[in-house]
Amino acid sequence: MSRILYTKPSITALEIEFVTDAITHGWGDDCYGYIQRFEKEFAQYVGTSKAIATASCTGALHLGLAALGIGPGDEVILADTNWVASLAPILYLGATPIFVDVLPDTWCLDPAQVEQAITAKTKAIIAVHLYGNLCDMDRLLALSQSTGIPLIEDAAEAVGSVWHGHHAGSMGRFGVFSFHGTKTLSTGEGGIFVTHDDALYDRVLTLSNHGRAANQPKQFWPDLLGYKYKMSNLQAALGCAQLQRVDELVARKREILHYYRQAFAHIPAISMNPEPVGTQNGAWMPTLVVSQEAGITTDQMRAAFQAQAVDARVFFHPLSTLPFIQQTPQPTSLSLAERGLNLPSYHDMTTADLNKIVQIVYGLFS
Ligand SMILES: *Cc1c(COP(=O)(O)O)cnc(C)c1O
């Protein structure tokens with residue numbers, strides 16, 4: 001019985017051709033060629049004026065927050081339901097995370113709670129588009145505008161998610177994406193910072209290259225203490241190939257979510273990733289949440305999947321419960337973690353794979 005993985009990248013002859021070219025020719029004068037191309041093409045894809053490719057999404061977020069001058073004494077608001085990568089850069093900079101609850105249907109941060117959590121110390125709001133689901137950008141952007149507090153989009157899980165004509169990641173002060181091997185578009189490891197703000201772009205570019213300003217004529221001269229978070233040319237070559245296929249990659253993700261949604265339409269206790277009118281869900285991670293009344297837990301579901309050699313991932317734990325935070329969890333975040341499960345989704349999965357997963361879920365509800 002071969003194992004069904006929860007996700008893996010789709011690698012074709014195109015990706016191999018691009019990486020082969022980069023490793024053969026991408027040195028010396030050409031050592032940044034694919035990086036520059038990837039940055040330009042990714043910015044075009046999401047609709048921002050600028051992009052900086054990084055070693056990871058965590059690094060991109062760290063750079064962006066640092067460039068905004070966030071540090072000790074500052075507060076940054078984010079949802080309690082999140083992967084630790086959205087939290088860690090706040091802590092690296094010595095700032096204070098303020099956790100708010102998520103909405104029960106989108107699993108993304110609740111704008112009303114964000115508004116209540118704002119204080120004189122609030123320096124940023126991080127909106128994470130969870131599992132491809134979009135945050136309520138109209139309300140969050142309006143809040144950002146009326147308060148002057150920058151809205152940051154962590155769109156690591158939202159390649160292909162579109163809010164009323166605007167790509168996730170392109171609407172806030174800046175956006176970040178991940179190209180980790182589990183994400184919709186992959187460079188193995190990698191990330192990117194995108195923005196419309198030229199001054200912020202310049203600061204992040206300097207910070208991303210050990211504090212060396214692009215216009216500094218003096219060699220080996222860091223103007224300030226920065227970081228080393230650059231993407232390699234080899235990874236960028238892989239990214240360029242994947243970007244040529246991005247519509248195909250997103251379409252397949254959406255097709256898989258749709259397949260599950262249709263199959264579970266007959267089980268009222270199950271809800272899945274929403275797609276409100278006027279939006280497109282990039283469907284990174286098809287996720288099912290079981291109603292409280294049904295009484296089936298994440299642990300029970302995972303055990304049923306494990307028994308059939310199918311990987312399924314638990315819903316994110318509330319960040320407030322992590323050992324280095326230890327705060328009272330937000331109620332909806334805690335409840336979702338007990339009832340939610342990510343289902344396998346990758347480009348090359350077969351209909352037989354999908355049907356096997358559907359059968360396991362039906363077995364739980366029979
Ligand atoms: C994957 C992920 C990240 C981290 O990406 P890395 O490239 O692994 O640093 C950050 N935020 C979210 C929401 C993610 O899903």
Side-chain angles (χ1 to χ4, degrees), residues 43 46-52 54 56-80 82-83 85-100 102 108-130 134-158 161 163-164 166-178 191-208 224 226-227 229 319:
V46 294
T48 58
S49 59
K50 296 284 199 294
I52 298 170
T54 55
S56 70
C57 176
T58 310
L61 185 57
H62 191 182
L63 291 170
L65 293 174
L68 289 177
I70 289 167
D74 296 336
E75 295 178 352
V76 178
I77 299 172
L78 76 166
D80 200 8
N82 265 318
W83 174 228
S86 306
L87 163 68
I90 302 169
L91 300 175
Y92 297 160
L93 291 165
T96 306
I98 304 294
F99 302 109
V100 297
V102 294
C108 293
L109 81 182
D110 177 350
Q113 293 211 20
V114 173
E115 190 165 7
Q116 279 172 6
I118 290 174
T119 71
K121 294 179 185 167
T122 308
K123 288 289 149 53
I125 299 160
I126 302 181
V128 183
H129 303 295
L130 205 82
L134 285 147
C135 301
D136 184 339
M137 291 307 286
D138 289 352
R139 288 188 60 190
L140 292 171
L141 285 167
L143 193 58
S144 170
Q145 219 144 43
S146 65
T147 58
I149 298 166
L151 179 67
I152 295 162
E153 289 180 87
D154 181 342
E157 306 179 1
S161 294
W163 176 264
H164 301 276
H166 300 282
H167 275 268
S170 72
M171 294 168 273
R173 184 76 182 279
F174 70 81
V176 292
F177 289 85
S178 171
I192 205 162
F193 166 93
V194 296
T195 190
H196 298 284
D197 181 331
D198 286 351
L200 188 65
Y201 167 82
D202 286 340
R203 281 204 294 283
V204 169
L205 193 62
T206 299
L207 283 173
S208 74
L224 46 85
Y227 305 88
Y229 279 151
L319 294 173

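The shown structure was predicted, so the numbers you read here are calculated from the model rather than taken from an experiment. These numbers come from the heavy atoms of this one structure, side chains and all, not from hydrogens, waters or symmetry mates.
Between S144 and L151, the shortest heavy-atom contact is OG-N, 3.6 Å. Counting all heavy atoms, side chain and backbone alike, A60 lies closest to T54 at CB-OG1, 3.6 Å. Between I118 and I149 the shortest heavy-atom distance is CG2-CD1, 3.6 Å. Residues V100 and A117 approach most closely at CG1-CB, 3.8 Å, considering heavy atoms.
Residues meeting the side chain to side chain contact (heavy atoms under 4.5 Å, CB included) test with L224, sequence neighbours left out: T206, L207. Take L93 and apply the side chain to side chain contact (heavy atoms under 4.5 Å, CB included) test, not counting sequence neighbours, and it matches H62, L65, A66, Y227. Every side chain to side chain contact (heavy atoms under 4.5 Å, CB included) that D197 has, sequence neighbours left out, goes to R173, T195, A199, L200. Scored by the side chain to side chain contact (heavy atoms under 4.5 Å, CB included) test, T48 finds A43, V46, S170, V194, H196 as partners (sequence neighbours excluded).
Considering CG of L140 and CD of E115, their distance stands at 10.0 Å, rounded to 0.5 Å. From Y92, atom OH reaches atom CG of L87 across 9.0 Å, with rounding to the nearest 0.5 Å. Atom-to-atom distance recorded for I126:CD1 and C135:SG is 11.0 Å, nearest 0.5 angstrom. Atom CE of M171 is separated from atom NE2 of H166 by 7.5 Å, given to the nearest 0.5 angstrom. With rounding to the nearest 0.5 Å, the separation of OG in S161 from CG in L134 is 5.0 Å. For the atom pair I77 CD1 and T96 OG1, the distance stands at 11.5 Å (nearest 0.5 Å).
Checked by atom type and distance alone, the side chain of T58 never pairs as donor or acceptor with a backbone atom of A85 at under 3.5 Å.
With a 4.5 Å cut-off on side-chain heavy atoms, V204 and F174 do not count as touching. Under the 4.5 Å side-chain criterion, counting only non-hydrogen atoms from C-beta, P150 is in contact with L68. Contact annotation: the side chain of I70 approaches that of V76 to within less than 4.5 Å [non-hydrogen atoms, C-beta and beyond].
Residue pairs meeting the side-chain hydrogen bond (donor to acceptor under 3.5 Å, both in side chains) criterion with at least one partner in residues 146-155, sequence neighbours excluded, are S86-D154, H129-E153. Among residues at least two apart or in separate chains, side-chain hydrogen bond (donor to acceptor under 3.5 Å, both in side chains) pairs with a member in residues 68-80 are D74-K123, E75-T119, D80-S320.
For the side chain to side chain contact (heavy atoms under 4.5 Å, CB included) test with L109, the passing option among L78, N82, I125 is I125; the others fail.
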